[in-house]
Number of protein chains: 2
Amino acid sequence: MARLVAFNEEQAVQKAMEVFWRKGYTATSMRDLTDAMQINSSSLYNTIGDKQELFKRCLHRYTNERMEEMEVRYKSPKSPLKALELYINDAVHIITTDPNSCLCLKATFEIEGDVPEIQAVINSYDHYRHRLLTHLLKSAQDLGEIPDDEKPEVIADYLGSIFVGWYNSLVLHKDKSKIVRMADLVKRQLKR
Amino acid sequence: MARLVAFNEEQAVQKAMEVFWRKGYTATSMRDLTDAMQINSSSLYNTIGDKQELFKRCLHRYTNERMEEMEVRYKSPKSPLKALELYINDAVHIITTDPNSCLCLKATFEIEGDVPEIQAVINSYDHYRHRLLTHLLKSAQDLGEIPDDEKPEVIADYLGSIFVGWYNSLVLHKDKSKIVRMADLVKRQLKR
DNA sequence: AAAATTTTGAAACAAGTGTTTTAAAAAGAA
DNA sequence: TTCTTTTTAAAACACTTGTTTCAAAATTTT
């Protein structure tokens with residue numbers, strides 16, 4: 001054995017993620033990244049790899065963090081409807097208080113399928129969320145908490161789409177009340 | 001007087017727009033642009049200006065084109081509800097057949113308010129669409145074609161948000177049927 | 001303590017970035 | 001035709017890009 005890596009990789013990736021999240025993939029330079037991570041580029045290439053590999057790691061970190069939160073917060077609730085309403089309220093809160101719009105969303109529109117490996121990370125996150133929502137919706141239907149005349153899978157897709165639009169709305173209008181009103185509308189729609 | 005400009009500015013901006021639309025603002029280089037526009041960079045800087053000015057021109061072209069189409073297609077219909085349903089069907093068609101997702105959307109998530117002049121162009125487009133939808137919704141309510149228990153302004157915001165999500169969904173899943181099913185759901189929701 | 005192995009910092013790399021310069025070509029006005 | 005004004009092409013501009021090189025520093029094993 002010999003010399004050990006001096007920097008904390010987790011912390012460094014976290015710092016890189018924050019820069020990518022703020023500036024986007026292309027507009028972030030390697031200098032921006034090494035400055036924020038406080039490591040030399042040789043160390044970066046030695047441990048993690050190139051810019052794209054680092055971005056993938058950042059995306060993984062971003063999505064894993066969020067999936068773990070979801071796992072504890074919405075799994076096996078007494079009332080699935082209450083969990084769904086909580087989910088919607090959380091979405092409003094995250095969208096209106098996070099410093100930037102969703103990292104995955106920005107990456108999706110920036111990359112648009114040009115880098116399959118990056119798309120795959122985002123897809124698996126999207127799929128997790130879709131499964132979670134579908135499960136809650138189906139349970140709520142089975143319990144008679146919401147009508148069962150629409151397919152849970154379609155409502156899940158539709159909810160996912162709405163949240164994407166809320167991010168866009170906030171960037172354009174910086175008006176939280178718009179999001180809140182839409183959320184109220186969605187919660188009403190869910191039950192009828 | 002002296003020598004005239006040799007290239008067609010409209011055509012050149014159209015070509016530039018196509019490149020920006022495909023690659024995004026940052027990832028598009030001036031070389032990419034002058035190659036596509038088939039003009040020298042000195043001519044470009046002489047007539048239009050720098051990269052940002054050119055991008056603004058492209059955005060204007062993109063949004064004006066779409067607003068003019070809307071103006072003729074959805075204005076003063078016999079049935080506002082039919083116009084709304086047409087609007088939704090058109091959205092499905094555009095989203096699933098255009099070569100890239102919306103230029104404004106990509107720019108919004110890429111720029112995120114960092115360039116107010118660019119935001120302003122997108123905002124005015126968004127505002128035009130919002131006014132159009134609100135007007136149709138209000139008319140439909142007044143005629144009793146749809147229930148009037150939700151505010152037209154909020155439904156308009158909500159519809160706008162959904163369309164944004166559809167763009168995202170298509171990039172991620174490349175599955176038109178998902179969009180079609182959501183559109184059917186939305187059309188049903190409108191009427192109840 | 002010496003040897004072996006790896007990380008690190010600083011500099012260098014070539015290629016690409018947005019933009020400007022310069023002189024020649026073009027064309028209306030005199 | 002000549003003068004005047006403007007556009008154009010090609011090259012150059014200084015700077016930034018992502019990535020690599022290389023010797024010096026660091027640390028574990030012998």
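Note on naming: letters A, B, ... go to the chains in the order of the sequence lines (proteins, then strands), and numbering restarts at 1 for each one. Worth saying up front: this structure is predicted, and the values here are computed from it rather than measured.
Within residues 18-30 of chain B, no residue is approached by DNA chain D to less than 4.0 Å at the level of any non-hydrogen atom. Within residues 35-49 of chain B, the residues that place at least one heavy atom under 4.0 Å from DNA chain D are, in residue-number order, N40(B), S42(B), S43(B), N46(B). Of the residues in residues 51-59 of chain B, not one places a heavy atom less than 4.0 Å from an atom of DNA chain D.
Listed by first then second residue, pairs satisfying side chain to side chain donor-acceptor pair (under 3.5 Å) with a partner in residues 5-21 of chain B read E9(B)-R57(B), E10(B)-R61(B), Q14(B)-E18(B), Q14(B)-R61(B), not counting sequence neighbours. Legend: salt bridge (Lys or Arg N to Asp or Glu O under 4.0 Å) pairs involving residues 30-47 of chain A, not counting sequence neighbours, sorted by first then second residue: K23(A)-D32(A). Note on residues 156-165 of chain A: pairs passing side chain to side chain donor-acceptor pair (under 3.5 Å), not counting sequence neighbours, are H130(A)-D157(A), D157(A)-K178(B), Y158(A)-Q189(A). The stretch residues 99-112 of chain B participates, sequence neighbours left out, in these salt bridge (Lys or Arg N to Asp or Glu O under 4.0 Å) pairs: K106(A)-E112(B), E112(A)-K106(B). Among residue pairs with one or both ends in residues 38-59 of chain A, those qualifying as ring-ring contact (aromatic ring centres under 6.0 Å, His included) are F20(A)-F55(A), Y25(A)-F55(A); sequence neighbours excluded. Every pair passing salt bridge (Lys or Arg N to Asp or Glu O under 4.0 Å) that includes a residue from residues 133-145 of chain B is listed here, sequence neighbours excluded: K138(B)-D142(B). Listed by first then second residue, pairs satisfying ring-ring contact (aromatic ring centres under 6.0 Å, His included) with a partner in residues 65-115 of chain A read Y74(A)-Y87(A), Y87(A)-F163(A), F109(A)-F109(B), not counting sequence neighbours. Residue pairs meeting the salt bridge (Lys or Arg N to Asp or Glu O under 4.0 Å) criterion with at least one member in residues 44-55 of chain A, sequence neighbours excluded, are E53(A)-K56(A).
We find that E71(B) and K75(B) are joined by a salt bridge, their nearest charged nitrogen and carboxylate oxygen being less than 4.0 Å apart.
For dG18(D), the base has a donor-acceptor partner in the side chain of R31(A) [N/O atoms by modelled type, under 3.5 angstrom].
D148(B) pairs by the salt bridge (Lys or Arg N to Asp or Glu O under 4.0 Å) definition with nothing, not counting sequence neighbours.
Going from atom CG of D50(A) over to atom C1' of dT20(D) covers 13 Å, rounded to whole Å.
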